[in-house]
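One structure is given below, encoded as structure tokens.
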Amino acid sequence: MTTTTQARPRVERFDPATYEAKWRERWEADQLYRARDDDPRDKQYLLTMYPYPSGDLHIGHWYAATGPDIVARKRRMQGDNVMFPMGFDSFGLPAENAAIDRGIHPAVWTANNIERMRAQFRTMGCMFDWTREVVTSDPSYYHWTQWLFAQFFKAGLAYRAMAPVDWCPKDQVVLAREQVEGVDRHCWRCGTPVIKRDLEQWFFRITKYADELLDFSDIDWPEPIRLMQTNWIGRSEGAEIDFPVEADRVEPIRVFTTRPDTIFGATFMVLAPEHPLVDVLTTDAQREAVDSYVVAARRESEIDRMSTDRDKTGVFIGAYAVNPLNNERIPIWIADYVLPGYGTGAIMAVPAHDERDFAFARTYDLPIRYVVVPPSGEVPDGEAFTAHSADEVLTNSGEFSGMRATDAIGAITQQLVDIGLGSFAVSYRLRDWLVSRQRYWGAPIPIVYCPDHGAQLVPDDELPVTLPHDVDFAPTGVSPLQSDAEFLAASCPVCGGPARRETDTMDTFVDSSWYFLRYCSPHDDSQAWDPDRVRMWMPVDLYTGGAEHAVLHLMYARFFIKALRDMGHLSFDEPFTALRNQGQILGADHQRMSKSRGNVANPDELVERYGADAVRCFLMFIGPWDQGGPWNPTGIDGVHRFLGRVWSMSLPGETDASAPVAVERDEIERALRRATHVTIAEVSEDVEAFRFNTALAKLMELANTITRARESGVAGSAAFGEAVDTLLLLLAPMAPHITEELWARRGQPYSIHQQPWPAYDPALAVAETIELPVQVDGKLRDRLVVTPDTPAEEIERMALESEHVQRYLAGRQPARVVYIAGKLVNVVTPR
RNA sequence: GGGCGAGUGGCGGAAUGGCAGACGCGCCAGCUUUAGGAGCUGGUGUCGCAAGACGUGCGAGUUCGAGUCUCGCCUCGCCCACCA
């Protein structure tokens, strides 16, 4: 068989299957990405949020991990000692549900999933240091989660309290406030509306750190996350004021208000139905009405209680309080719009200046009195307003009338302080963190209850309190551990007598509040972390993950670090110096990916067809990393073709299409070198800024330039070699396999990932000529090609001589000529 | 109801106040291939034969010049939601 002469000798087509797995095995065997504790170079701790081992790695995991992997790889090439670990957040409900639904033990289900996901993770070609892997459900890990609980307990930061808790009737579990979502207050996991239950629960005292958690001055975090945490903490400054009541031997009602300046406008008081004084103060005549209202309020679902658009309801309890500043007698009501958990659970109602109080007053025909004059100067009649500006002036307010409202806040509060009936106060929306879970698959809380000595910590040398293997997983509303007699039996550390073991386990967010510390010394069996290693690696230099953790994990982790610092265990203030959030990859239907919707995209098929590099690059190319978007794989052919071009231009074998004369050749090489260095600068900047899409676009441009140069016959030149080598080095973090393969084939030393990041030479990036747009009245009319050092007068002269410009000037003199050096010329016509 | 963010070709998207649509997808034409696929080259905002005109959700404004800044609307997304 003969063939006609081909224009280009065939080079081997690129086939990722032939080299991707090979290089991953080599890197692993060489421990190329292992972070060394004894490395003297600058450390960089890069971290991406560890996944829950649900069983399958989907496209979102690839998207989330590839971004930070690129940055980690680049910083590594820049000479830093980079740690980029991975692990599994392996306690939690789905494992237990699997046990209930399918009879698989949570430990088995979890271990199988981890094994599968670990294998899937490896196909991504990320530079994870697997020698540091952390699995939170492993006793070697939760041993130290329990030890941390003990530290918090000893420091007075863990306490037990009876509390009305949010309860998911489907999952049969207590939920933290952060796990209740939406207007209908549903369970974050299964969507079932929650109900209230009273239970004895363990709490972490996060509110102690409310103020410090509001301070983000030393960390580089996205503005939206800082805002969400700030709003969640919800700091309000105001006053607590005591309103004496008309009853013997009853303490005054203490209210919290942010508007003490409006106290002369208080025409009634409202207590939360749960307020302890309700029972004491209610008169016999009102007793029946009050009791039935209280019962109804307590039985009411949160949906009704929290809804803002429903009509206000309440009941007069028959008692009266006294306004401490004007001695007015004002009626006391109860209403469910006053919440027991915020402030003092009681308010002074100022219907003229608070919309809610106004609505209530209208419903029950209570008096409305205006005491703050708005900037307009007109006191409205019968209509509420709440505006609060520096222009407002008080009226109907005794000695404070005429004072500016902003000044009156301080003055009135001070007066109340002086007479012993008030104080400056701050209130927070933030509540303490409820960590108890009535579940099996979590870290057991290391507490035993002694009839004589109460709640006692399990001594450190008896940790870990391990989960028993054989238990009954039927969802009964109590922890499966409660039916395990052997687990329950304990002895009191104080008296040695029989004691009952705590059967609640910890919220999995406790596990994830310190896993980044464990990565520093994951195999240390004698302590939670090695202080020297933590001193070396922490804090995390760059943390990446989903913005959905804004008020959950990301706030708890900050709290943990601050608390442990105050206990003397750590010497820094914040766990994560810089934070970046990736966007979410949605299903093709623009909905959040979930198994129940059946819109989960699995990358395996694409990886098999195009290789891991193409999938990585495509994910980074579809748009800004922090934006995400619906999944649509149709564009992957573009990056696949790009990688194919990189492949063929990097290998010898193709002949020059045409040989330019020497002068042109020189020019082409200079242009190629210029393009190379411009690309170095741009890609370096883009990667640090997480703009992987534009970084890739610029690499594609360089590849296109190289292709054109080759067709011009400069393939053998030094400039050409430099351009190709640079392209491979800049691309290596995004496409680690193909670049390694080509680097080797080009005879360069192993490994491309150990080469220094290309150095940018600004002198080589300077353009010889520039093209200046010429506008007339801001509209493009012509272009000038000039050298960068052409004087301004010369450029203006050339612009005015342009026939296109002349046409629009139509013989007139220009009103002015704007020349922005190196940018453009704008000829302004007379008006 | 409050807060934050976003609206740019058929699609994903690019653009320190300075050439709108980089880079890709798709589409069209050509080359190559027994064919299909893959690959390669060129074209591709809209209207128009063309010259040209018009174009970044809508309406004003600032400016020599606005996708970008200001004000007012509309739409979508996320977070919070009776927090006194």
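Letters A, B, ... mirror the listed sequences (proteins, then strands); counts begin at 1.
Residue A/Q627 places its side chain closer to B/rG13 than to any other of B/rA22, B/rG18, B/rG13. The nucleotide whose nearest atom lies closest to any side-chain atom of A/M700 is, among B/rG13, B/rC23, B/rG52, B/rC23. Side-chain proximity of A/F621 to B/rG3, B/rA81, B/rG24: nearest is B/rG24. Candidate nucleotides B/rA15, B/rG24, B/rC80 were compared by shortest atom distance to the side chain of A/T694, and B/rA15 ranks first.
In this structure, CG of A/N693 is placed 9 Å from C1' of B/rC23, rounded to the nearest angstrom. Between the NZ atom of A/K779 and the P atom of B/rA66 there is a distance of 8 Å, given to the nearest Å. Nucleotide B/rA38 holds its C1' atom 12 Å from the CZ atom of A/F14, rounded to whole Å. Atoms CD1 (A/I332) and P (B/rA84) sit 22 Å apart, rounded to a whole Å.
Side-chain polar atoms of A/Y808 and A/D777 form no donor-acceptor pair below 3.5 angstrom.
A/I347 comes within contact range of at least one nucleobase, with a heavy-atom separation under 4.0 Å. As judged by a 4.0 angstrom heavy-atom cut-off over every strand, A/N632 is placed among residues making no nucleic acid contact. Contacts of A/R708 with the nucleic acid, taken as non-hydrogen atoms under 4.0 Å apart, are absent. Counting non-hydrogen atoms under 4.0 angstrom, A/R226 reaches nothing in the nucleic acid.
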Item to check | Test log, rule salt bridge (Lys or Arg N to Asp or Glu O under 4.0 Å), inputs A/D686 and A/K698 | outcome: CA-CA 10 Å; A/D686 282 351; A/K698 283 153 191 169; 3.0 Å; yes
Checklist entry - Would A/K823 and A/L772 satisfy side chain to side chain contact (heavy atoms under 4.5 Å, CB included), going step by step from the backbone distance to the final call? => result CA-CA 6 Å; A/K823 284 284 184 192; A/L772 278 183; 5.5 Å; no
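Remark: the backbone N or O of A/L213 is not paired with any side-chain donor or acceptor of A/Q229 at under 3.5 angstrom.
When both distances must be under 3.5 Å, the Watson-Crick or G-U wobble mate of B/rG1 is B/rC80.
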